[in-house]
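Working notes, beginning with the structure itself.
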Amino acid sequence: MGFSRQLRGIVEDAYLRAAQAEGWPGDVPDFAVERPKDTKMGDYATNIALQLARPLRRAPREIAERIAREVHAGEDFAAAEVAGAGFLNFRLTQAFHPRVLRALQDDSQGYLSSDIGRGERILLEFVSANPTGPLNVVSARAAAIGDTLGRLLRLTGHDVFTEYYVNDAGSQVENLALSILVRMQLPDGPREIPEDGYHGEYVTDLAKRFLSQAPASFSGMPREQQLSLLKAWAMAEMGRMRLATLEAYGVHFDNFFSEAAFRAGSGVDELLATFARRGILEGKEPGRRVVERAQHEEATPLLEDRDGARWLRTDLLGDDKDRVLVRSDGNYTYFLPDIGYHHGKYQRGYTRVIDLLGPDHHGYVARMRAAMEALGHAPESFQVLIVQWVRFLRGGVPQNMSKRAGETVTIDELLSDVGRDAARYFFLMRSHDTPLDFDLQLAQEESSENPVYYVQYAHARIASIRRQAGGEASTGGLSSAGADFSLLTAPEEVEILRRLGQLPEEIEEAAKALEPHRIPRMATELAQAFHSFYNKNRVLGVDPPLSAARLALAVAVGSALRELLTLLGVDAPDRM
RNA sequence: GCGCCCGUAGCUCAGCUGGAUAGAGUGCUUGACUACGAAUCAAGAGGUCGCAGGUUCGAAUCCUGCCGGGCGCGCCA
């Protein structure tokens, strides 16, 4: 159990005892437990007395004093101090030090993991970029965030399945095939790339590659047959390229979900039938219910035919307006199969559906959530993280990223110019909600200043110490197994231990908030604490018991850093 | 016009379910290697938290309005 939760219990108990004695309300008020930035204010603080000031009509400090008297400090906490306007500050004792260090030594992953996600099955979809071109750097941010978010949720006990939706059923694939055919320059072939076609160099490459392995009969085939062959081949080829890029970038998907395959399996008509059976009951209570119309005649039908088209009444479910599912020409809009895909996620057994989308799709959130509600899924179980754009610059000049014109910077280029570790760390440091600038030229020139190397350097330093300790360990005395951790009293040592001790709950909080960008900060701050310690204190060659204790500390930091870097999909090198 | 996101140090960004003196990296100034890796450490300068109101013991954080930037608002995908 994290210290915050433990402390919360201590504070609640203390309040209840004080309340009993003073005749205060028996309900524990809302209060916050936080980690003050300044350790002079203790390791943890609570504002409970400030929250009580108004209802109790008494001075916050007075209330704080009263509660403080009832605090029976636990093994991990010393007694409370009243400070400032009426805060209760708590200081950690050293009781947890051996626990933390041993846990990190025995099972560092287990130390950081938790089971707060127990019972939740999450379908996490991200990237899902059009399959008609190489993955470009616009997707790099979402790929890193989604991948690390998946790892974070797994570490905290969620059952996570990551998925990439391959939009391979649209007319864009048709255009790609046609563009490739043009680039083949067959005698009877088309000469002009269509208006919505693709001009990138990779199209020419694809054409050459296809020709080198195409059956001799290809050029004599009817156009339609050529295109259908090309489409299938191009999708497979793009899939292979995509997989190779993602692997180099350290991003793993459990599944690539083909829209074309999904459409072939229908399900869409069934969906329409379900919508047709249902209606919306607008109750007097705030809120509404989706019901079977057979049981509720007064319910407003979910589907409405208007102007020859068939609409879903999403406006009654939180959207701005209704949305067309079936056009007046009888064709489905893209929205319908998309609903089917998301509905399918729930049918596959997932209880929570998380999508990472670009800001150009934020308008889509309300309507999809409405559709999910119409199908009986709890609207809040469908969560969307909008990953804001990265504006890519080169020497201060914004870069165009048109896929059709072939002006994109690919992830492959990013990897060869900047490197996986620096690129991932850069994206993962920032909140997904912040638009940010990324200068490719600066990143190249200054990649050695990326904070990722600061963290990796700490890890490599520790590995180096271990190598040297290994030599000394043969003479005995430096095994950290029986080390006396009470010798770790220097401020730098205490600071490291405090950070290590708080790590699990910080990980939990990051997972709950779906904010992987907190992880790089944890890593940087831990590395900083270690570098600072290292420059002031020697690990090896001091009094053997102290040396053993410090070695254990260093090993623990190394393990923790490795776990954090692993979450980020970044290497934890032993040498650099 | 309506909706969503953003505006914090020269630059890139944290901090936002209200909390104590607003932080980090980078850049700038100064200092530290004859013992474990100087890709490091220590110290300093650098701010009307876009602007104006409001809520309250307390606002970068919540509310309203305005300014600036991005994106969206199709029987397109």
Side-chain angles (χ1 to χ4, degrees), chain A residues 30 32 34 36-38 40-41 45-47 50-51 53-54 59-61 83-87 89 130 167 169-172 196 259 306-311 320-335 337-338 358-366 384 386-389 391 426 429-439 442-443 446 448-458 460-469 471-472 492 512-513 515 517-518 520-521 524-525 527-528 530-542 547 550-551 554 575-576:
Chain A
D30 274 341
E34 56 185 30
K37 338 179 215 280
D38 190 339
K40 279 201 286 288
M41 298 183 250
T46 176
N47 64 350
L50 293 156
Q51 297 294 342
R54 186 203 290 270
R61 282 195 67 107
F87 291 97
N89 292 347
N130 274 332
N167 201 306
S171 55
Q172 320 219 31
D196 289 335
E259 183 189 357
R306 201 189 307 156
D307 306 328
R310 182 155 289 188
W311 302 68
D320 308 343
K321 56 176 101 169
D322 293 333
R323 306 289 169 174
V324 171
L325 297 182
V326 185
R327 288 188 270 165
S328 49
D329 65 6
N331 285 317
Y332 301 144
T333 61
Y334 81 100
F335 186 37
D338 236 23
D360 52 337
H361 284 90
H362 75 248
Y364 153 109
V365 177
V384 176
I386 298 293
V387 179
Q388 295 292 334
W389 292 139
R391 196 166 62 123
F426 179 87
M429 282 175 74
R430 273 75 183 193
S431 158
H432 65 85
D433 228 0
T434 309
L436 61 87
D437 285 352
F438 187 41
D439 195 309
L442 274 183
E446 297 173 357
S448 67
E449 284 153 15
N450 190 300
V452 72
Y453 300 113
Y454 181 87
V455 177
Q456 290 181 320
Y457 186 59
R461 254 186 170 170
I462 291 164
S464 172
I465 294 173
R466 295 185 69 167
R467 283 192 293 273
Q468 296 190 36
E472 292 180 41
E492 297 81 15
K512 277 185 198 156
E515 288 184 357
H517 73 272
R518 299 187 190 191
R521 197 162 53 251
T524 306
E525 286 176 354
Q528 196 265 326
F530 180 78
H531 283 311
S532 180
F533 156 79
Y534 176 92
N535 271 273
K536 212 164 167 188
N537 306 283
R538 285 197 55 80
V539 175
L540 304 177
V542 294
S547 195
R550 284 182 174 165
L551 182 61
R575 302 173 201 270
M576 44 191 300

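Throughout, a chain's letter reflects where its sequence line sits, starting with A, and its residues are numbered from 1.
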For this session: Report which part of the nucleic acid A:T333 touches: base, sugar-phosphate, or nothing (heavy-atom distance under 4.0 Å, all strands).
Result: sugar-phosphate

For this session: Look through every strand shown and name the nucleotide pairing with B:G19 as Watson-Crick or G-U wobble, where both distances are under 3.5 Å.
Result: B:C57

Seminar exercise, completed: Of A:F335 and A:F426, the one whose nearest nucleotide on RNA chain B sits closer to the 5' end is A:F426

Problem set entry | Nucleotide opposite B:A32 in a Watson-Crick or G-U pair, distances under 3.5 Å | B:U40

Exercise. Taking atom P of B:C76 as reference, at what distance in whole Å does atom CG of A:D338 sit?
Worked result: 15 Å

Problem set entry | Base-pairing mate for B:A24 - Watson-Crick or G-U, with both contacts under 3.5 Å | B:U12

Exercise. NA contact type, A:H361, heavy-atom cut-off 4.0 Å: base, sugar-phosphate, or nothing?
Worked result: base

Problem set entry | Short side-chain N/O contact from A:R327 to OP1 or OP2 of B:A77, under 4.0 Å | yes

Exercise. Could you give the CD-to-P distance, from A:Q456 to B:U40, as a whole number of Å?
Worked result: 12 Å

For this session: Find which nucleotide of RNA chain B each of A:K37 and A:P359 is nearest to by heavy atoms, and output the residue with the more 5' nucleotide.
Result: A:K37

Problem set entry | A:Q468 side-chain N/O to B:G37 phosphate OP1/OP2 under 4.0 Å | yes

Exercise. Taking a pair as Watson-Crick or G-U wobble with both distances under 3.5 Å, which nucleotide is matched to B:C73?
Worked result: B:G1

Exercise. With both distances kept under 3.5 Å, what pairs with B:U64, Watson-Crick or G-U wobble?
Worked result: B:A52

Exercise. Side chains of A:Y364 and A:D338: donor-acceptor distance under 3.5 Å anywhere?
Worked result: yes

